[in-house]
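What's counted below: heavy atoms across the whole structure, side chains too, no hydrogens, waters or symmetry copies.
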Amino acid sequence: MSDTYISLKLSSERAFFLLKLMGFNELLGFSNPFKNDSQEEMNQSLLNAKQQLLEEKLIFETEGRIELDPTVYTILQGCKLCERVSWLNIIRDEKIYDYYYFISSQQVIELTEELSDQSSSVEFKLIGNIYDYLVEILANIDSPNEECSLPFRDSISVESLNFIVNNLNHASLKELETYVLEEGASIPFAKALVKGFKHNTAIGQLVYFLKTVDGWNTKGMKFLIEPNGNWLFTQSDQDNKKDVFHAECFNRSDFYKSLIEKAVSSAKQFSY
């Protein structure tokens, strides 16, 4: 537990055991640690996880009945009942950071994973309310660019934006620019955008999930932090424009303001 948040950090095996106790079939942002194990290996790992949880007093067993520590139960039950989830994905310095936020009217629970070849763990943090969640998002994005020297407002197809991101490491500036220009973008916009991606400080997306009877509905936005400014890419609500991103470059203050406004607008389901 930290001074600021109520937190719970567990090995993925112990987390899996607790989630099964709580009746989870899946949890957004959590990876099954046993997907490559045999049934025998999985059963042994779960027995070890149970023993560790008992020793840590995170679960209690009486006459074959298992009960969870009240704080553990509150955090996991909050995730289980939540029908609204936000995912913040950031690529910075060739490392990928994923943050999942389980949002209700009274609290927000953050989930993060640490994965390696040797071990994996998951941390749950009760970070507060919707306001605290928005503050946390901006802190994680952490743009260093106070100013913007690129006053662009333009559009780019979803296909072109994905092409740039997926080919950054092996396509030249010219190749990427040509791809964007072929869909009718202006030369200054194409050059500035591709150069920004090539010299990025961070690339990311903020996605919202709303649980329905058929699964999860999603909506979100993408962003680019680069030396000359902060780009935000948002999609129209109009059906005939959903394959196009509106692109705009901001200074830090306006970028944060616009991101929050778009976040609230894009996730009207989050209003209570």
Side-chain angles (χ1 to χ4, degrees), residues 1-88 97-133 136 208-218 269-270 272:
M1 186 179 300
S2 69
D3 295 334
T4 307
Y5 304 119
I6 296 174
S7 66
L8 174 66
K9 188 169 184 178
L10 303 161
S11 67
S12 295
E13 293 79 10
R14 284 179 289 163
F16 186 92
F17 183 90
L18 291 173
L19 292 172
K20 286 301 180 184
L21 278 182
M22 292 289 295
F24 281 85
N25 291 320
E26 64 172 354
L27 179 64
L28 284 174
F30 178 72
S31 304
N32 182 351
F34 303 115
K35 60 183 179 181
N36 297 319
D37 290 0
S38 67
Q39 188 64 47
E40 183 179 352
E41 290 172 329
M42 174 177 168
N43 291 341
Q44 184 59 53
S45 293
L46 289 175
L47 285 175
N48 294 339
K50 177 184 176 182
Q51 186 59 40
Q52 291 169 356
L53 290 166
L54 286 168
E55 292 172 358
E56 295 168 349
K57 300 186 186 307
L58 295 179
I59 61 172
F60 307 92
E61 186 171 24
T62 305
E63 298 180 352
R65 178 184 176 86
I66 297 178
E67 296 184 356
L68 278 69
D69 168 84
T71 299
V72 174
Y73 178 84
T74 297
I75 291 175
L76 297 184
Q77 184 73 349
C79 293
K80 184 177 181 181
L81 298 178
C82 185
E83 296 185 345
R84 299 164 177 84
V85 181
S86 172
W87 170 44
L88 175 62
Y97 302 87
D98 289 304
Y99 308 86
Y100 286 82
Y101 300 92
F102 296 79
I103 303 172
S104 71
S105 59
Q106 298 180 344
Q107 65 183 16
V108 179
I109 299 168
E110 179 189 82
L111 181 156
T112 55
E113 276 191 311
E114 293 183 13
L115 304 176
S116 70
D117 295 335
Q118 289 74 35
S119 63
S120 59
S121 64
V122 60
E123 182 173 15
F124 300 87
K125 288 198 298 186
L126 183 58
I127 63 173
N129 56 26
I130 295 292
Y131 173 79
D132 298 311
Y133 151 74
E136 187 81 0
Y208 301 94
F209 298 82
L210 176 65
K211 186 181 291 184
T212 69
V213 292
D214 299 318
W216 293 96
N217 285 341
T218 62
Q269 305 98 322
F270 288 71
Y272 293 86

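- We find the CG-OH distance between L88 and Y133 to be 8.0 Å, quoted to the nearest 0.5 Å.
- Ring geometry for F209 versus W216: interplanar angle over 60°, hence perpendicular rather than tilted (30 to 60°).
- Contact check for E61 versus L54: side-chain heavy atoms found under the 4.5 Å cut-off.
- A 4.5 Å side-chain heavy-atom check between F102 and L27 finds at least one atom pair inside the cut-off.
- Looking only at side-chain heavy atoms (C-beta outward), M42 and L46 come within less than 4.5 Å of each other.
- F16 places none of its side-chain heavy atoms less than 4.5 Å from the side chain of S45.
- With respect to K125 and E123, no salt bridge is recorded, no charged nitrogen being found less than 4.0 Å from a carboxylate O.
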I103 and Y208: CA distance, side-chain angles, deciding distance, side-chain contact (heavy atoms from CB on, under 4.5 Å) verdict: CA-CA 10 Å; I103 303 172; Y208 301 94; 5.6 Å; no

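- One distance of note links CD1 of I75 with CD of E110; it measures 11.5 Å at 0.5 Å rounding.
- Within 6.0 Å of OH on Y73 lie no more than 12 heavy atoms contributed by other residues, nucleotides or ligands.
- Side chain of T62 to backbone of R65: no donor-acceptor contact under 3.5 angstrom is found.
- Rounded to the nearest 0.5 angstrom, S86 OG and L210 CG are separated by 12.5 Å.
- For the side chain to side chain donor-acceptor pair (under 3.5 Å) test, residues two or more places apart in sequence or in another chain that qualify with S31 are E113.
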Stepwise side-chain contact (heavy atoms from CB on, under 4.5 Å) test for L68 and M22: CA-CA 9 Å; L68 278 69; M22 292 289 295; 3.8 Å; yes

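- In this structure, E13 and F34 have side chains that are in contact, with non-hydrogen atoms separated by less than 4.5 Å.
- Open room surrounds CD on E40; 12 or fewer heavy atoms of other groups in view lie less than 6.0 Å from it.
- For K57 against D69, the heavy-atom pair with the smallest separation is O-CB, 3.9 Å.
- The shortest distance between side-chain heavy atoms of L18 and I59 falls below 4.5 Å.
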Step-by-step side-chain contact (heavy atoms from CB on, under 4.5 Å) determination, T218 to W87: CA-CA 10 Å; T218 62; W87 170 44; over 6 Å; no

For F17 and L10, run side-chain contact (heavy atoms from CB on, under 4.5 Å): C-alpha distance rounded to whole Å, both residues' side-chain angles, the deciding distance at 0.1 Å, then the answer. CA-CA 11 Å; F17 183 90; L10 303 161; over 6 Å; no

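- Within the model, atoms NZ of K50 and CD of E55 stand 12.5 Å from one another, a figure rounded to the nearest 0.5 Å.
- With hydrogens and angles left out, the side-chain atoms of N48 and Q52 include no donor and acceptor closer than 3.5 Å.
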